[in-house]
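Report on the following structure.
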Amino acid sequence: MQPYSCARDEFQGEASVYLDANESPFNGPFNRYPDPLQNAVKEKIGKIKKIRPQHIFLGNGSDEAIDLVYRAFCEPRIDNVVAIEPTYGMYKVCAAINDVEYRKVLLDEDFQFTAQSLLDATDSHTKVIWLCSPNNPTGNALNRDEIIRLLESFGGIVVLDEAYIDFSSGESFTQILNNFPNLIILQTLSKAWGSAAIRLGMAFASPEIIQVFNKIKYPYNVNLLTQQQALRSLANEKQVIYWKRIILEEREKLILDLSALNMVQHIYPTDANFVLVRVDDANAVYQKLVSEGIIVRNRNTVSLCLGCLRITVGTAEENQRLISELKNIDAAE
Ligand SMILES: *Cc1c(COP(=O)(O)O)cnc(C)c1O
């Protein structure tokens, strides 16, 4: 297919008079179309993550990259994808939107998987396998050896969503991206980078895959305000490292405080900025927290998560408010 060719694709470089794109000459800098390939942002991300820009796709959140994976690799009503279960809900939503069959393979009781169990669910029309590590909503990192085994034995695309990698004690797969031409890694500015509002998601993959994404994306998929704010956020890496340290300290405190509550049956190990907790009556606890203005995520109806609440680590003050409310609920039982 022939991609849309925008004015700024045809001419690259510096000029003093731009009369090529039917833009307004007034109200700079917002009168001009933004860089369709976000080169400045990719340079900066590339330096931080030690990845060359031709291995980077940027989108309107990771959500855009998730949708593009289906549009690029799956034929509606013919192909299918396989995913671990439970996991992030967007993989399934985008499968349905693109009319692609979505096959789930249940994790084990430790929320781990084997490459073989996923391969067993594939057939000749399976184009993509979805992994998420650390996984949402379970919080744990997936077994690294099994991820590698899957990458080596599956002939299609493996997507590894690393939205929470900054909070993990484990290493990112970005450093071994070159070993696996079928690997797509997703990361985001929405979590550790504190920039969910600007909508900037990243996909790291072979240049061949990145070129396919660039071909099928909307020409100006990341707007100028987002590109500018992303550059500001990315210049503040020290701040992010500091935030991360606080969140990890608060996570440990939160786990300690939760473990002292009667209602808490189990706290699952976490490598993310949230904790999955099994409580006596998840729906009741959820509703009582809501009535006090505290919102957690009720995961009670999610596979393997019966009775579970997913709690994001907040500030020390927010976590204390949660714990004191949970103590009240405990005392009233
Ligand atoms: C939060 C989250 C994202 C982030 O999505 P954005 O569209 O980049 O905000 C991606 N994957 C998972 C698993 C998440 O939990």
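Every value quoted in this text rests on a predicted model; they were computed, and no experiment measured them. We count ligands from 1, going down the list as the structure has it; atoms in each ligand are counted the same way. This chain uses plain numbering: 1 for the first residue, then up along the sequence.
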Do the ring centers of Phe274 and Tyr164 come within less than 6.0 Å of each other? yes
Would you call Asp35-Lys42 a salt bridge at under 4.0 Å N-O? no
Taking non-hydrogen atoms within less than 4.0 Å of ligand 1, which protein residues qualify? Gly61, Ser62, Asp63, Tyr88, Tyr91, Cys132, Asn136, Asp161, Ala163, Tyr164, Thr188, Ser190, Lys191, Arg199
Is a donor on one side and an acceptor on the other found under 3.5 Å between the side chain of Ser168 and the backbone of Ile165? no
Matching residue for Trp130 among Phe73, Phe113, Phe154, Tyr70 - test: ring pair (Phe, Tyr, Trp, His ring centres under 6.0 Å): Tyr70
Salt-bridge test for Glu250 and Lys253: reply yes if a basic N is under 4.0 Å from a carboxylate O, no otherwise. yes
Quick one: list whatever passes ring-ring contact (aromatic ring centres under 6.0 Å, His included) with Phe204, sequence neighbours left out. none
